[in-house]
Amino acid sequence: MSTEPLPAAGAGPASAADAVAEAERLHDAFNAVWGNPGGWRALTIVNHTTVGLRFLLTGLGFYVVGGILAMLVRSQLALPGHAFMTPEVYAQVFTMHGTVMMFLFAVPMMEGLAVYLLPKMLGARDLVFPRLSALGYWCYLFGGLILVSSLFLGLAPDAGWFMYVPLAGSTYTPGPNSDFWLLGITFVEISAVSAGVELAVSILRARAPGMSLEKMPLYAWYILVMALMIVVGFPPLILGSILLELERAAGMPFFEVARGGDPVLWQHLFWLFGHPEVYIIFLPAAGIVSTLLPVFARRPAVGHAWVVVAVVSTGFISFGLWVHHMFTVGIPQLAQAFFSAASMLVAVPTGVQVFSWIATLWLGRPVFHVPMLWLTGFLVIFVAGGLTGVMLALVPFDWQVHDSQFVVAHLHYVLVGGMLFPLVAGLYYWLPHFSGRLPSAALGRTGFWLVFIGFNLTFLVMHWTGLLGMPRRVHTYETGLGWDGPNLLSSIGSFVMAAGIVAVLCDIVLHFRYGARARPNPWNAGTLEWATATPPSPYNFVSLPAVQDRHPLWSNPSLGDDLARGRGGLALIDHGRRETWGTDPASGAVREIIHLPGNSWLPFAAALLIGGVCICLLLRAYPLAAAFTVGSLAVLLRWSWENGTHPLASPDARTAPGDPPLHSRTFDGPGLWGMALTLLANGALYLSLLFGWLYLWTVAPAWQAPPPDHGLAAGKGAGLLLAAALALSAGTLVLRRAVARLRAGIGRGLGALLALAALFGLVHCGLLAGVFSAAGLAPTKTAHDAVSAVMLGYALVHGALAALLAALQALRVRFGYVGIEAPYEPLVVSQWWHYSAVTLWASYAALVWFPAVWGMGGGA
């Protein structure tokens, strides 16, 4: 690593040879700090470029698995009375096809592309939590492997990718099939939520100087909305999976009618996730369209501000539509009318985006390279899928075609048309960025036409099959019902489409070796990712750009060369740390320098241990699962220890004259935002739990309310719960006092205050443990006691973590990692304490006050 001072911006070397030598010296110096190791140590890489590519390659692998399963389904349905698969195997195959495509391909691919692109597009060197990105990838890989392994064991889930109960419950699926889905998907969801937090904070806090929200690329807007939707939308499914697994493994009834549960609660929790999921998949794909169309139309996007408003509106509206998947389960007619209208409302912001794309093409001078061909296919298919969506939003029509092949066809038009076509367009567009080479235009066009023709032959015909009355999820059918010909055509079409996909995959693979060398910025794009080298270095930019408009490369085509020669910001590397700008979320003004962690075994080890927990739970080896849980916690605490001012996190705190301080030396920084968004996800899960509690109490057909003298509503149990809430609140106030003193520049007594807060946390845990015995809960007998136990367990886990985090901070004060010079971390921890106290008081109100107000005899 070089320690020589670098030339000031604009003070370039005297000759061209000197300029090249200087650029190479800079590259070597940055590579010494940012470079990726080889061999086994490649498992330690946390750099976003590598992690993003790993997401993409793994997603493609799972896509091939899902595609093969689709071919098996179409082979089975090609002929009436076909015995290619048994009903049991068919149920596993179509369940895993949907599960793999939705959970292991669509969302991870979009997240992977965003992880790869966003820092480059925003003018940053990396995402703000690189270790979290790496953890997310390993969780995704291990969770996916656990799930897919069930196919080879003959124990794959077989209740549909929506896992409706009671079909997925222990009565009708007594084997581990459903457990594979519940545990594997929950594991994968950790990856999705961590990526959501990572992407949202990075977009808000690590943009190039001058890149205000107004100047932010449209793709970043789409990803920001998608990331926030993941943070809020995925926790209901995580909660539902936990509850169903508790019901299956521990006998706690949440969805069983006889003991006070309700299977419709599962549908609510699933579709609270499931409908936003469609937009979580669609929005980043639309972001690709909004990025590529202006490039190939050779003009800026029409109505940039209107598109942003439409994207944000779509995100909000999508959370109000989940009931339109449940029109046939007995929802009151007034609610059906409301959700029917809301479902149609989403057409407005979608229409704004479509009109912007058409207007951009109309006013531009479009050129039809291969990516543009896929975008055209997207416009045709997605608009058609949107029209059938409006049909399904009409309650009477939905009643007629519900659970028919028509719905399957609509789903594929929206998801394949809305996601796969833009994704392939994006892959063709950015392939030169990945490899420095161009794909084959002939192979790309062949692949497009095969996919486009095959897709429409498959699913356009399937609309007709559904209107003829063929239900979905059936293993086979009798001849003479009018379904023979349409099914055969659909199956032929699916194989034509598969041939097109094979052509595309071959093109992608072959171009790395045989593709022609691409020139820099081969499409003449205006966004910053094309200012890096192709393929890019691990640090993206030797020096960081500042921007003045939305299309910096159109304004300054030589920007990439200038940055490579150190004529931008943060061009020093002699301090040995990875860093990027921390900027204001609205204006893009520089606020601090964010220093980033280097390569580490911690993410891989944490994911491996969490995977061990999942496997042990599958095997019902609970003591071993507990041991893996303790191991995971130990690794995560070590992760937390190597943070802030720890020498491994920030070996040198020096900054150049005129530069702002490191984020860990301020009261600002991305960790505050990361914790806030994590708690937002946590809050979504908790609100889903509260919703479940109130739903069961008021709607469950056989709700069994406890007697008035129940231990939680009166007596010792309620008193202990109140004391626990008071103890946690007292600890929160102590922590607030510690933070206030830090803000006033007073470091004396900081360790003692943090230790006192930890002590209050321990007292709170002891009192909560007493509530369990004093309340006399029987969680396996009634849904009331089961939900009460989960709410108390939730509070206990949060209180214990609060105490542990405060104790850790007290220890860090003793080691000198936290103090008035580094006041950052207690602020982050205090957010957790406030959240834990608020949710505990909410639980107290739900468990003690609500029954008194509503009356013990609620429900049925």
Side-chain angles (χ1 to χ4, degrees), residues 232 235-236 238-240 242-243 246-247 252-255 259-262 264-266 268-269 272 679-700 702-729 732 764-765 767-779 781-800 802 832-860:
V232 178
I238 295 175
L239 174 71
I242 293 171
L243 297 185
L246 283 174
E247 181 172 293
M252 298 170 69
F254 302 100
F255 310 107
R259 289 186 285 170
D262 189 346
V264 178
L265 174 61
W266 169 264
H268 279 293
L269 293 176
L272 271 169
L679 293 178
L680 181 63
N682 201 345
L685 186 142
Y686 180 75
L687 287 176
S688 300
L689 180 61
L690 270 184
F691 166 77
W693 168 259
L694 298 175
Y695 178 86
L696 290 178
W697 194 291
T698 54
V699 175
W703 176 256
Q704 297 166 28
D709 61 345
H710 188 275
L712 263 183
K716 193 176 177 183
L720 285 173
L721 187 56
L722 177 63
L726 289 172
L728 194 64
S729 301
T732 305
H764 149 267
C765 290
L767 291 168
L768 266 185
V771 173
F772 276 98
S773 58
L777 296 175
K781 290 187 177 177
T782 67
H784 172 277
D785 284 10
V787 180
S788 300
V790 171
M791 292 181 79
L792 292 174
Y794 179 91
L796 184 59
V797 168
H798 281 71
W832 183 272
W833 273 79
H834 281 83
Y835 174 84
S836 301
V838 168
T839 51
L840 181 54
W841 280 109
S843 295
Y844 179 80
L847 297 174
V848 179
W849 292 343
F850 172 72
V853 174
W854 185 266
M856 285 295 183

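This structure is a prediction, so every number in the text was calculated from the model and none was measured.
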Mind checking whether W703 and W693 have parallel, tilted or perpendicular rings, split at 30° and 60°?
-> perpendicular

Quick one: sort the W841 and Y844 rings into parallel, tilted or perpendicular, breaks at 30° and 60°.
-> perpendicular

How far apart are the closest heavy atoms of [X] and [Y], and which atoms are they?
X: L269; Y: G240; value: CD1-CA, 3.8 Å
X: A789; Y: P779; value: CB-CG, 4.0 Å
X: H764; Y: G799; value: CE1-CA, 3.2 Å
X: L767; Y: A727; value: CD1-CB, 4.3 Å
X: P253; Y: T782; value: CG-C, 3.7 Å
X: Q704; Y: H784; value: O-CB, 3.9 Å

For a 4.5 angstrom cut-off between non-hydrogen side-chain atoms, does [X] reach [Y]?
X: F254; Y: I242; value: no
X: V771; Y: L796; value: no
X: W266; Y: L243; value: no
X: V787; Y: W697; value: no
X: L690; Y: M791; value: yes
X: V790; Y: M252; value: yes

Distance, nearest 0.5 Å, that separates [atom1] of [X] from [atom2] of [Y]:
X: L687; Y: T839; atom1: CG; atom2: OG1; answer: 10.0 Å
X: L792; Y: F772; atom1: CG; atom2: CZ; answer: 4.5 Å
X: L685; Y: L680; atom1: CG; atom2: CG; answer: 11.5 Å
X: H798; Y: L768; atom1: NE2; atom2: CG; answer: 12.5 Å
X: H268; Y: Y695; atom1: NE2; atom2: OH; answer: 4.0 Å
X: L265; Y: S688; atom1: CG; atom2: OG; answer: 9.5 Å

Do the side chain of Y686 and the main chain of Y794 share a donor and acceptor less than 3.5 angstrom apart?
-> no

